[in-house]
Amino acid sequence: MSFQPNPGDEVVINDIVYTIGQHPAAPGLAYAQAGRQGIVYQLIPRRGSIHGAKALKVFFPKFRIPAMVYQSEHMEPYSELPGLQVCKREVLTPERNGALIGEHPDLLYAVLMPWVQGLTWFDVISDQKQLTAEESLKLARALAGTGSAMEQRGLAHCDMSAPNVMIPFFSEVQNSALTSAVELVDVEQMYSSKMDRPDALLAGSPGYAAHRTVHSGLWSSYADRFAGAVIIAEMLCWSDPVIVEKAWGESYFDQHEMQTSSERYFAMSSSLEQRWGSKLSDLFIRAWESHDLSSCPTFGEWYIALAATNTQQADAHMAALAEAEADMAASSEADELAVQANEEASKDVKQDAVAGNTLSAKQAKDQEAVVNRLFLQARALEDEDKPAAALEVYRSLYHFIPDNSAMQTEVDAAIKELDAKMNAKNESAEPVPIPFYRSRKFMISSAVLIVLLAGGVPTVKILADQSEVKQQEAARLAEAKAIKDAADAKIKQEEAEKQKAAEAAKLEAEEKKKLAEKKKQEEASKALKAKYDKQAKYEAYLAKQEQQKKESARKALQSKYEQQAKYEAYLAWKKENDAKIAKQKAAAEAQRKQQLAQKEALKKKRAQNVVTLIASYNKAYNAQKGRKTSNALAYARDFKNLYNTDASYFKGVGKVAARMSAINKFLGNSKYSLPDL
């Protein structure tokens, strides 16, 4: 008979009575967990508590190996190690448990061991149960400590994976003080130099098996290093919501991603470095990039690195993420306003660009006209032999000509030529000292004297003879002197007037020069200001264009992030919905099975009751025939009581109703003879 117990069924193993536990999530079904090698049932001692619960592992036929007895005897000493309490095992053998095995052949070489309360790491990942940083560090240290203790004794689990790692830390039932935060189960494949190699080797579990060794089977002292590194990394990162969301499903990694440069690998290594430091990240990278299991870090290396780690860096990283999320939420409204302002600004930029282009074209046309007019004016002044004025016009024109143009070259040459010409003229115009005998004053005086002398030759002769002539001569001399003085005065006046006119001309020239310089400076200032204004406006236009590009890029990036967030939210919803539907289907299936079981039990019970009723009637009939009326009445009452428990059903079964009618008559009159039915 196969072993398919129901909750509450009793099993006697080694003279101890156990009760089959009821599954907490499926009332009416036995508490059982299926694995790759068999099914584990929870057994509760009838005279004990839940803390003394045992696990009965019933193996599938392929794994019912007689050597399990020898293996369990060698495993028992390891039960003292933290995380290996399931190594304390009892194997059901034909010699000690023959009767039970005879009744249930499936129990041959089944193993009885301590029941570990709590979740599996598989449950934590599947339910996406996010941990705190303190919980992550505690679990990782516990697993590293267990693995290190096993390595020191030359042991390896050989199938380390999420379903085989129990977490008593999350149990609702208080565990023993000796229970580790992490416990390993399914230890039948355990490696030890003292144990024989199993006939059937496992190649590791998906999501934890190194792809370079997955086809060769795992049974060596290095077998746990890669899988252990992945689980420790999962435990450390399971307080990071980003990693929890990226999980593939029943494990963080998909088996096809193992030891490849995938997105999940980079996300996990980055999370380890940011939250726990580079030492732990380097250990994980070393394991991931290893070419064989012996190249992976030992559990001792993990334990040393974890012992020197605290949660401060992880807490600081989480605080920074929370602050960034708060800033993002606070800026979302501002982003919307910025988008609206962007749209308005883009319209203004377009209008300004059109107006700017029109204004630039008009300014260019006006500037060309000014250049041509000034150039022709300078040429005209140069033709009129007015080099100074032409030079000033050329210099004014120079500021309006584009750099490196043909016009600039020509104007530059004209300026240099006029400068040279002006410098030469100034040098030739410097005053030269005039000899005294060639001065105008000396020449006039000499002319007057000659005139006087020429007229005085005959007069001298006359003076000698006549005195009147002397008087006349004196008068003439006085007149000549007066004429000379008048001439001198006139010459002085003319020189003064000329000097005054020269000074006035000089002052006028200087004033004109100052006015020209001032005008030139004003024009240069206006031109420079116009140039700066034009440059500033152009730079403002470029700044607006650049800002618009940045805003457009930010908007596109924001849209991309929002689409990604919506897609991830959809995936999360789909995953949750699928899990919900699966749970509903499982619950419905469990309910259906329970109803079928109840119907089957009711059917079985009714059939048994029918047999009991017939037996009770026959006993009453035989007692009446044997003149034992009191016994007959007792059997009749038993019949009636049992019949009334399900009268509607018994009424339609065979002659049960007729028997009931006869029983009622007999109970009403003991002298009534029961018919032989």
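Looking only at side-chain heavy atoms (C-beta outward), I65 and Y109 stay at 4.5 Å or farther from each other.
Crowding of H74 atom NE2: a count of heavy atoms from other residues, nucleotides or ligands under 6.0 Å exceeding 12. Other residues, nucleotides and ligands contribute at most 12 non-hydrogen atoms within 6.0 Å of the CZ atom of R96. Atom CD of Q584 has more than 12 heavy atoms from other residues, nucleotides or ligands within 6.0 Å. For CD of E576, the number of neighbouring non-hydrogen atoms (other residues, nucleotides, ligands) closer than 6.0 Å is 12 at most. By the 6.0 Å contact criterion, NZ on K605 is open, its count of non-hydrogen atoms from other residues, nucleotides or ligands being 12 or less. Atom CD of E10 has more than 12 neighbouring heavy atoms from other residues, nucleotides or ligands inside a 6.0 Å radius.
Closest of all the heavy-atom pairs between A140 and I232 is CB-CG2, 4.1 Å. Of all non-hydrogen atoms in N6 and I20, the two that sit nearest each other are O-CB, 3.5 Å. Nearest approach of M235 to L131, heavy atoms of both residues: O-CD1, 4.2 Å. Minimum interatomic distance between G21 and I44 (heavy atoms only, all atoms of both residues): CA-CD1, 4.2 Å. Of all heavy-atom pairs spanning A233 and L272, the tightest one is CB-CD1, 4.1 Å.
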Legend entry - Chi angles and distances behind the side-chain contact (heavy atoms from CB on, under 4.5 Å) call for L280, W302: CA-CA 7 Å; L280 292 171; W302 280 104; 3.9 Å; yes

Inset, instruction - Evaluate the criterion side-chain hydrogen bond (donor to acceptor under 3.5 Å, both in side chains) for residue pair R275 and S239; output intermediate values, then yes/no. - result: CA-CA 10 Å; R275 296 168 56 80; S239 53; 2.5 Å; yes

Inset, instruction - Output, in order, the C-alpha distance, side-chain angles, deciding distance and verdict of side-chain contact (heavy atoms from CB on, under 4.5 Å) for L139 and W238. - result: CA-CA 11 Å; L139 295 180; W238 224 247; over 6 Å; no

Inset, instruction - Report the C-alpha distance between Y191 and S221 in whole Å, list the side-chain angles of each, state the deciding distance to 0.1 Å, and finish with yes or no for side-chain contact (heavy atoms from CB on, under 4.5 Å). - result: CA-CA 7 Å; Y191 170 84; S221 58; 3.8 Å; yes

Legend entry - Evaluation steps, salt bridge (Lys or Arg N to Asp or Glu O under 4.0 Å), between R592 and E589: CA-CA 5 Å; R592 186 185 67 80; E589 182 65 18; 2.5 Å; yes

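Look at E600 and K603 and you find no salt bridge, because none of the NZ, NE, NH1 or NH2 atoms lies under 4.0 Å from a carboxylate O. A salt bridge links R89 to E188: one of the charged nitrogens lies within less than 4.0 Å of a carboxylate oxygen. Remark: R286 engages E301 in a salt bridge, criterion side-chain N to carboxylate O under 4.0 Å.
Atom CD1 in I243 sits 11.0 Å away from atom OG in S136 (nearest 0.5 Å). Once rounded to the nearest 0.5 Å, the distance linking NE2 of H256 with OG of S262 reads 12.5 Å. With rounding to the nearest 0.5 Å, the separation of CD1 in I39 from CD in Q33 is 11.0 Å. Rounded to the nearest 0.5 Å, atoms CG (L92) and CZ (R64) are 12.0 Å apart. In this structure, the separation between CG on L283 and OG on S278 is 9.5 Å, given to the nearest 0.5 Å. Taken from CD in Q564 to OG in S559, the straight-line distance is 11.5 Å, to the nearest 0.5 Å.
For the residue pair T612 and N609, no side-chain donor N or O sits within less than 3.5 Å of a side-chain acceptor on the partner. Side-chain contact annotation: D123 with T120, donor-acceptor N/O pair under 3.5 Å present. Side-chain contact annotation: Q152 with S148, donor-acceptor N/O pair under 3.5 Å present. There is no side-chain donor-acceptor pair under 3.5 Å between E257 and W248.
For F284, the ring-ring contact (aromatic ring centres under 6.0 Å, His included) test picks out Y265, W288, with sequence neighbours left out.
Residue R225 is tested with C296, S290, S295, S220 for a side chain to side chain contact (heavy atoms under 4.5 Å, CB included); the sole match is C296. Between F3 and the options F60, Y41, F59, a ring-ring contact (aromatic ring centres under 6.0 Å, His included) holds for only Y41.
Aromatic ring centres of Y31 and W115 lie closer together than 6.0 Å.
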